[in-house]
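One is the number of the first residue; the rest follow in order along the sequence.
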Amino acid sequence: MVTAFTGNMKRAAAGLRRINLDGLRWRVFDAKGQVLGRLASQIATVIQGKDKPTYTPNREDGDMCIVLNAKDICVTGRKLTDKVYYWHTGYTGHLKERTLKDQMAKDPTEVIRKAVLRMLPRNKLRDDRDRKLRIFPGSEHPFGDRPLEPYVMPPRSVREMRPRARRAMVRAQKKVEQQEQNGGGKKRKNREAQEETA
């Protein structure tokens, strides 16, 4: 269910007139619980049109991408505190920085935008591709009248544990079991010896 859009309509529809919307598919990405880099790579693929058999590097035929729930994106490891965005104001000594956690609090849409744009090639088509990306912090958006298609993220292929690591883990488990058995036997012998002396 799409609720009424209460955000900035001028910002949401900015630059739409410069895009030829004929024949474009409107793909909807739900960012809730998704890993930032994995989601951004899928969005970059769709924006470039690389998921189509008609892909040509010098032509702009990617689809419109609407990203919802940007505030609920996830990151792995310690990136929330360790990842830092830098920019320079142009004045001497004015190198500014902001951590990912602070950027998420300030504007979570900019985190996804930067991740996607930095995965796109730096060429003349980049601005057009940027216009096709619409990111919203919540689940409401103003494009309810368009023919939206929810994008299904491909399943993650988690690699099995390497054989050497698996063998080491099995050896460690066996060693712990043996120590428990031997330790239990020694305790029994110690108790029996104490009972005999008493």
Side-chain angles (χ1 to χ4, degrees), residues 1-77 79-80 83 85 87 100-101 103-104 106-159:
M1 179 183 140
V2 178
T3 57
F5 182 65
T6 57
N8 187 349
M9 188 62 194
K10 191 173 183 181
R11 185 178 177 189
L16 272 181
R17 279 177 277 151
R18 297 180 72 176
I19 304 170
N20 183 13
L21 297 174
D22 296 338
L24 282 187
R25 294 160 69 190
W26 291 70
R27 313 292 284 278
V28 180
F29 293 81
D30 188 8
K32 183 175 255 177
Q34 296 289 340
V35 179
L36 175 61
R38 295 175 189 280
L39 177 70
S41 64
Q42 294 296 321
I43 295 170
T45 302
V46 172
I47 279 186
Q48 293 177 75
K50 280 192 167 184
D51 58 337
K52 297 179 178 178
T54 58
Y55 169 71
T56 315
N58 64 342
R59 210 175 67 224
E60 178 47 50
D61 57 356
D63 294 326
M64 288 291 296
C65 293
I66 300 170
V67 184
L68 305 177
N69 300 316
K71 64 182 186 299
D72 299 324
I73 199 86
C74 296
V75 288
T76 57
K79 292 189 190 77
L80 220 66
K83 183 172 175 58
Y85 294 100
W87 72 99
L100 177 59
K101 188 175 185 179
Q103 182 64 44
M104 288 293 289
K106 186 172 173 58
D107 185 13
T109 62
E110 199 59 30
V111 172
I112 297 179
R113 182 175 306 284
K114 279 188 170 138
V116 172
L117 285 183
R118 290 172 180 181
M119 290 184 184
L120 295 177
R122 278 81 168 162
N123 56 23
K124 292 181 179 181
L125 301 175
R126 196 166 190 227
D127 290 341
D128 296 335
R129 288 170 176 164
D130 184 22
R131 285 187 201 99
K132 289 184 177 180
L133 179 61
R134 305 288 155 155
I135 306 170
F136 301 97
S139 58
E140 53 184 37
H141 62 89
F143 303 114
D145 56 334
R146 305 283 182 176
L148 303 176
E149 299 176 28
Y151 185 85
V152 180
M153 289 288 286
R156 277 183 64 184
S157 56
V158 180
R159 186 179 63 195

(request) Sequence neighbours left out, what passes side chain to side chain contact (heavy atoms under 4.5 Å, CB included) with Ala31? Give chain and number order. (result) Leu39, Val67, Ile73, Ile112
(request) Taking all heavy atoms of His141 and all of Gly144, pick out the closest pair and write down the distance. (result) CE1-N, 3.8 Å
(request) For Ile135 and Ala70, work out which heavy atoms get closest and say how close. (result) CG2-CB, 3.8 Å
(request) Not counting sequence neighbours, list each pair that qualifies as a side chain to side chain donor-acceptor pair (under 3.5 Å) and has a residue in residues 57-75. (result) Arg27-Asp63, Asp30-Asn69, Lys52-Asp63, Arg59-Asp61, Glu60-Arg129, Glu60-Lys132
(request) Hey, could you give me the CD1/CD distance between Ile47 and Gln42, rounded to the nearest 0.5 Å? (result) 12.0 Å
(message) My understanding is that only residues two or more places apart in sequence, or in another chain, count here; which of them pass side-chain hydrogen bond (donor to acceptor under 3.5 Å, both in side chains) with Arg25?
(response) Glu149
(request) Taking all non-hydrogen atoms of both residues into account, name the closest pair between Gly62 and Leu24 and its distance. (result) O-CD2, 2.9 Å
(request) Please report the closest heavy-atom contact between Leu125 and Pro57, naming both atoms and the distance. (result) CD1-O, 3.5 Å
(message) Listing request: all side chain to side chain donor-acceptor pair (under 3.5 Å) pairs with a residue in residues 113-127, at least two apart in sequence or in separate chains.
(response) Arg113-Asp130
(request) Just grab all the ring pair (Phe, Tyr, Trp, His ring centres under 6.0 Å) pairs involving residues 27-68, residues at least two apart or on different chains. (result) Phe29-Tyr151
(request) Taking the side chain as every heavy atom from C-beta outward, state whether Met153 and Gln34 have any pair of such atoms under 4.5 Å apart. (result) yes
(message) Tell me every residue that passes side chain to side chain contact (heavy atoms under 4.5 Å, CB included) with Pro150, counting only those two or more places apart in sequence or in another chain.
(response) none
(message) Working to the nearest 0.5 angstrom, can you tell me the gap between Ile43 CD1 and Ile66 CD1?
(response) 11.5 Å
(message) Suppose the criterion is ring pair (Phe, Tyr, Trp, His ring centres under 6.0 Å): which pairs have a residue in residues 6-28, not counting sequence neighbours?
(response) Trp26-Phe143
(message) Just to verify, what does Gln103 make a side chain to side chain contact (heavy atoms under 4.5 Å, CB included) with, not counting sequence neighbours?
(response) Tyr85, Arg98, Asp107, Glu110, Val111
(request) Please tell me if the side chains of Ser139 and Lys32 come closer than 4.5 Å, counting only heavy atoms from C-beta onward. (result) no
(message) So, taking the atom named CD in Gln48 and the one named CE in Met119, what distance separates them when rounded to the nearest 0.5 Å?
(response) 11.0 Å
(request) Please list, chain by chain and in numerical order, all residues satisfying side chain to side chain contact (heavy atoms under 4.5 Å, CB included) with Val35, sequence neighbours excluded. (result) Arg38, Thr76
